[in-house]
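Proteins get letters first, then strands, A, B, ... in listed order; numbering begins at 1 in each.
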2 protein chains.
Amino acid sequence: MNYGEARKRFIDAWGTLGSSWGISRTEAQIHALLMVSPKALTTDDIMGQLGISRGNVSMGLKSLQDWGIVFKEFEPGERKKFYRTEKDVLKLATQVAKERRRREIEPIIDMLSEVGDVKDANVSKEQLEELNKMTAALSDFANQSDRVLSQFIKSEKGWFFKTMMKLFK
Amino acid sequence: MNYGEARKRFIDAWGTLGSSWGISRTEAQIHALLMVSPKALTTDDIMGQLGISRGNVSMGLKSLQDWGIVFKEFEPGERKKFYRTEKDVLKLATQVAKERRRREIEPIIDMLSEVGDVKDANVSKEQLEELNKMTAALSDFANQSDRVLSQFIKSEKGWFFKTMMKLFK
DNA sequence: TTTAAATTTCAATAATTATTGAAAATACAA
DNA sequence: TTGTATTTTCAATAATTATTGAAATTTAAA
């Protein structure tokens, strides 16, 4: 397979995958492009290479910066800004996990503690018990996941997989 | 908080969360409803309680069955079918992880191995190296994630968290 | 400052995805 | 079987989300 084809396949696949970790197709494509680019790119580079509008690129870069995986750079003498991405795949996964935790797990933990223990005379004991049982189980699970994820985030490069590999022989 | 409010909050929050693990809002709400229902429900129960159409419920139940987290049940003497969900939260997470692996990680591994090692004379050495470096890194990462996930799936209840907790002290 | 390049915003529109509801298909008691 | 309850499918439509492009804003060199 030649360079052009491979590059296209890579960007497309990354774009499709994006939706499964909560990033839009275009954002994931911008990210993929930055992943395979040896040097930082400008807005115009990205517009040209992906064939999308200036506004779209601007919004995509903003979102990727909010995720903490793309960074803006100044080049002395250049008026345009340059963008690069984190290329260490483990750091990338860690950063995404950290953000997802903040965006997804935390609100669920909040909801569950708010719902708390329900008491209500106008409802069957069975229904009450079921709701309480489910909120308690989810609360436990969310807290445990949160703790595991926190540790994963704190862990330094290599540690996680080294440990895992040892565990799984 | 009374039963009705708590139940509503629970279903809404679960619905919102759904999108982050690749399930539509309605599907996640059907799932939440089954989670807090002591007994299996019929299509009409679900239509009534969520206020959505018959077709929507039918499609939602189909998708949840494809995910392997909702099951159809016969009741002797009853013409209607009843639906229940897996209520063990860890089993639920395991089943979702298994499906996601199949749907997301496997295609990426396939793509990466297809792209393979690129050789191309018409492109700078730097560009070639960058693409090869990224595909190799992602390939490693995807394979490792896949292996960890496989083991997680094979593990029985309790094992994963017990080990984790020991590890993290 | 002033000027022009660069970036961001956002209303309009396009594209995609979800939902309905009724017709077709299926399941099952009699 | 036949008749009817139940479920599924799917074309039409609604709702949502993504994208454009040009005006407004910001940035920095002169």
If the threshold is 4.0 Å, N to carboxylate O, is there a salt bridge linking B/E75 and B/K81?
no
The bend of the helix from C/dT1-D/dA30 to C/dA30-D/dT1, taken between the axes of its five terminal pairs at each end and rounded to 10°, is 30°
When you get a sec, tell me which of D/dT7, C/dT7, C/dT9 is the closest nucleotide to the side chain of A/K62?
C/dT9
Hydrophobic cluster membership, with links at side-chain heavy-atom distances under 4.5 Å among I/L/V/M/F/W/Y: are B/L64 and B/F82 in one?
no
Path from A/I69 to A/M59 over hydrophobic side-chain contacts below 4.5 Å:
no
Could you tell me whether a side-chain N or O of A/N132 sits under 3.5 Å from a main-chain N or O of A/E129, the two making a donor and an acceptor?
no
Do A/S53 and A/N56 pair up side chain to side chain, a donor and an acceptor below 3.5 Å, judged on atom types alone?
no
Which pairs, protein N/O on one side and nucleotides 13-16 of chain D N/O on the other, fall under 3.5 Å?
none

Between A/L41 (CG) and C/dA6 (P), how many Å, whole number?
16 Å
Sequence-distant partners of B/E73, side chain to side chain donor-acceptor pair (under 3.5 Å), two or more places apart
B/R84
Length of the CG-P vector between A/D44 and C/dA5, whole Å:
13 Å
Please determine whether a side-chain nitrogen of the Lys or Arg among B/R9 and B/E5 lies less than 4.0 Å from a carboxylate oxygen of the Asp or Glu.
no
Atom pair distance, as rounded to whole Å: CD in B/E73 and C1' in D/dT7:
17 Å
Strictly by salt bridge (Lys or Arg N to Asp or Glu O under 4.0 Å), give each pair with a member in residues 50-65 of chain A just once, sequence neighbours left out.
A/D44-A/R54, A/K62-A/D66
Go along nucleotides 17-30 of chain D 5' to 3' and tag each nucleotide: B for a protein heavy atom under 4.0 Å from its base, S when only backbone or sugar atoms are that close, - otherwise.
-SSBB-----BBS-
Report yes or no: does B/Q95 contribute a side-chain atom to a donor-acceptor pair with the main-chain N or O of B/W67 at less than 3.5 Å?
yes
Only counting residues at least two apart or in another chain, list the ones meeting side-chain contact (heavy atoms from CB on, under 4.5 Å) with B/K8.
B/D12
Measuring to OP1 and OP2 of D/dT8, would you say a side-chain N or O of B/K72 lies under 4.0 angstrom away?
yes
Among B/I30, B/I46, B/T85, B/L61, find the one that has a side chain to side chain contact (heavy atoms under 4.5 Å, CB included) with B/L41.
B/I46
